[in-house]
Amino acid sequence: MSSSSGRIADAITTLAQLAITEPGSEPLVLSHPRNLKHGSPLIWNLPYEVSLSQKYGEKSNIEEWKRSYAALDSPEHYFSGDLRACNQEIMRLLKKLIHLEGFLVQFAMEGLNDKGFENEWREYSAEKRKEMVLNGLVRAAFQAPREQSRCDCPELTTSNLEGRGLIDLYRAIIAHDDTGDRCLKTLFLFQHPAIDIEYPDDPSASDLEKATRYLRLVLRTFFIVETLLGILEEFNGFPPNDISLEQEEEKEREGLGECLVCCTNGEGVMNRCAGCRLALYCSTICQSREWPDHKRICRLRKPTCFDPAILMPTPRKPPIFVGCPDPEPGFVRSPALWRQIYCLAREESFEAAYQLEYRPTETVWIHITNLQDRMSFCIARRRAMASGDPLAVSRMRCSLT
């Protein structure tokens with residue numbers, strides 16, 4: 001980011017602060033033109049900074065903000081006010097989110113514990129931090145199910161992320177499950193006092209209102225997780241996932257009709273569950289794999305209650321692959337080792353020796369064609385996964401270079 005860009009960023013922050021209105025006055029309403037993030041991320045970020053200042057700042061008025069941004073604030077296009085459809089959408093998002101959180105914990109542990117991210121972040125110039133935060137937010141906007149959910153994230157102001165707030169968010173989700181094996185036992189929802197006030201857990205609310213509240217909490221956590229991943233991707237130099245506005249809109253449309261298991265749209269007509277007529281699957285294999293979870297909600301043809309415990313996916317066990325050794329007594333596998341084990345357990349990894357993973361859905365496989373070299377590598381890999389032997393790790397690196 002150039003010095004002029006830095007001044008623009010400072011001006012945007014100042015404007016956001018000035019946009020805070022006095023109680024009783026009409027808030028400054030700015031539109032959220034999503035296409036601007038494709039070429040003008042600084043300008044794209046401005047309405048969100050203004051919205052967050054109006055909604056959660058020192059002189060904020062949440063009710064006035066909601067009246068002004070009524071269309072932007074409503075997530076009901078997901079389920080059209082139908083409790084059964086809302087339950088199904090929550091279940092779909094929970095499956096994706098708990099998997100993504102496992103990936104984030106693993107990625108964050110590597111960054112903070114092994115790659116010195118926290119120290120480097122403190123040493124970066126303010127301009128460099130601003131650039132990385134903005135790029136991380138843009139990456140999240142491309143990846144999250146609902147970009148507007150950032151308006152429910154008081155943690156995601158650029159000023160908070162540029163400071164200690166970013167590290168606190170990483171530490172919070174790592175503390176939830178620090179095994180690094182990518183298989184979280186329970187879902188993590190980011191907490192914030194302002195959110196507790198804005199969306200209180202009201203026992204007297206209707207089941208649809210309870211489900212809508214929970215959906216908001218899931219969507220906001222989704223955006224936070226994608227932002228944290230986006231900033232780590234920037235730190236590691238991973239290429240951005242640039243797509244056009246048309247591709248983004250198509251991705252959103254397809255997201256509402258994707259397979260509940262593998263999150264793809266298949267190559268042909270999707271199979272619809274004959275029971276609830278809501279769940280979609282790309283194949284009978286995915287449908288059979290999903291049934292132990294789906295049957296809990298499928299049988300609620302006309303649900304009369306909302307229960308997040310019913311919608312929560314079954315915790316997964318850490319994966320293994322053929323030839324994967326058990327860890328030796330006292331040896332704790334690192335997140336990097338767990339990532340290799342996780343990826344090598346996939347069916348498509350049968351001929352691969354190693355992988356470089358950018359995101360859960362973006363992997364580069366490394367193959368060793370020479371049979372003797374491959375055999376030597378596999379022996380070293382087995383030893384490294386069993387004990388973390390530095391000599392074995394060194395041999396693996398030599399085989400890959």
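We use all heavy atoms of the structure for the numbers below, so side chains are in, but hydrogens, waters and symmetry mates are not.
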If only atom types and distance count, is the side chain of [X] paired as donor or acceptor with the main-chain N or O of [Y] below 3.5 Å?
X: Arg129; Y: Gly163; value: no
X: Glu101; Y: Phe188; value: yes
X: Arg139; Y: Leu229; value: no
X: Tyr170; Y: Leu228; value: yes
X: Asp207; Y: Phe306; value: yes
X: Lys55; Y: Cys151; value: yes

**Sole candidate of Arg220, Arg216, Arg146 that passes side chain to side chain donor-acceptor pair (under 3.5 Å) when paired with Asp152** =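 The single option meeting the side chain to side chain donor-acceptor pair (under 3.5 Å) with Asp152 is Arg216.
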Roughly how far apart are [X] [atom1] and [Y] [atom2], rounded to 0.5 Å?
X: Phe223; Y: Glu226; atom1: CZ; atom2: CD; result: 8.5 Å
X: Met109; Y: Asn113; atom1: CE; atom2: CG; result: 5.5 Å
X: Arg289; Y: Ser283; atom1: CZ; atom2: OG; result: 7.5 Å
X: Cys273; Y: Glu290; atom1: SG; atom2: CD; result: 9.5 Å
X: His176; Y: Phe190; atom1: NE2; atom2: CZ; result: 10.0 Å
X: Thr212; Y: Ile90; atom1: OG1; atom2: CD1; result: 7.5 Å

**Message:** Go through it in stages, so that I can follow the logic: the residues are Trp44 and Glu147, the test is side chain to side chain donor-acceptor pair (under 3.5 Å), and I'd like the CA-CA distance, side-chain angles, deciding distance and then a yes or no.
**Reply:** CA-CA 12 Å; Trp44 162 82; Glu147 178 183 320; 2.8 Å; yes
**Prompt:** Given the rule in the side chain to side chain contact (heavy atoms under 4.5 Å, CB included) test, do Phe107 and Asn236 qualify, once you have shown the distances and angles that lead to the verdict?
**Reply:** CA-CA 10 Å; Phe107 204 16; Asn236 285 278; 3.5 Å; yes
Does a side-chain heavy-atom distance below 4.5 Å link [X] with [Y]?
X: Leu189; Y: Tyr214; result: yes
X: Leu161; Y: Leu156; result: yes
X: Val332; Y: Pro327; result: no
X: Glu49; Y: Thr157; result: yes
X: Phe331; Y: Leu337; result: yes
X: Leu232; Y: Phe238; result: no
X: His99; Y: Arg182; result: yes
X: Asn87; Y: Met91; result: no

**Prompt:** So Asp202 and Arg213, side chain to side chain contact (heavy atoms under 4.5 Å, CB included) or not? Walk me through it.
**Reply:** CA-CA 10 Å; Asp202 183 3; Arg213 169 189 175 274; over 6 Å; no
**Item:** N-O pairing of Arg171 and Glu118 below 4.0 Å
**Value:**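 Looking at Arg171 and Glu118, the cut-off is met.
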**Request:** Output yes when Glu127 and Lys130 qualify as a salt bridge under the 4.0 Å nitrogen-oxygen rule, no when they do not.
**Result:**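 Lys130 and Glu127: not salt-bridged.
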**Prompt:** Does the side chain to side chain contact (heavy atoms under 4.5 Å, CB included) test come out yes or no for Glu162 and Leu166, once each step is laid out?
**Reply:** CA-CA 7 Å; Glu162 290 163 18; Leu166 177 67; over 6 Å; no
Might you point out which heavy atoms bring [X] and [Y] nearest each other, and give the distance in Å?
X: Ala380; Y: Ala392; value: O-CB, 3.4 Å
X: Ala384; Y: Val393; value: CB-CG2, 3.9 Å
X: Ser149; Y: Leu219; value: OG-CB, 3.3 Å
X: Lys210; Y: Ala205; value: CE-O, 3.3 Å
X: Asp177; Y: Val105; value: O-CG1, 3.1 Å
X: Ala194; Y: Tyr56; value: CB-CD2, 3.7 Å

**Message:** For Ile285, is the CD1 atom crowded, meaning more than 12 foreign heavy atoms sit under 6.0 Å from it?
**Reply:**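 Open: at most 12 neighbouring heavy atoms sit under 6.0 Å from CD1 of Ile285.
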**Message:** Could you walk me through whether Trp338 and Thr179 satisfy the side chain to side chain contact (heavy atoms under 4.5 Å, CB included) test, starting with their C-alpha distance in whole Å, then the side-chain angles of each, then the deciding distance to 0.1 Å, before giving a yes or no?
**Reply:** CA-CA 9 Å; Trp338 275 119; Thr179 59; 5.7 Å; no
**Request:** Apply side chain to side chain donor-acceptor pair (under 3.5 Å) to the pair Asn119 and Arg122, showing each step before the final yes or no.
**Result:** CA-CA 5 Å; Asn119 289 333; Arg122 286 198 298 263; 2.4 Å; yes
**Message:** Please verify the inter-ring angle class for Trp121 with Phe117; under 30° counts as parallel, over 60° as perpendicular, anything in between as tilted.
**Reply:**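 Ring orientation, 0 to 90° scale: parallel.
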**Asked** Stepwise, does the salt bridge (charged side-chain N to carboxylate O under 4.0 Å, His left out) test hold for Arg383 with Glu328?
**Response** CA-CA 10 Å; Arg383 181 61 184 163; Glu328 294 182 358; 2.6 Å; yes
**Request:** Give me the one residue out of Thr227, Asn45, Ile224 that meets side chain to side chain contact (heavy atoms under 4.5 Å, CB included) with Arg150.
**Result:**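 The single option meeting the side chain to side chain contact (heavy atoms under 4.5 Å, CB included) with Arg150 is Asn45.
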**Message:** Run Glu131 and Tyr124 through side chain to side chain donor-acceptor pair (under 3.5 Å) and show every step you take.
**Reply:** CA-CA 11 Å; Glu131 179 183 20; Tyr124 284 150; over 6 Å; no
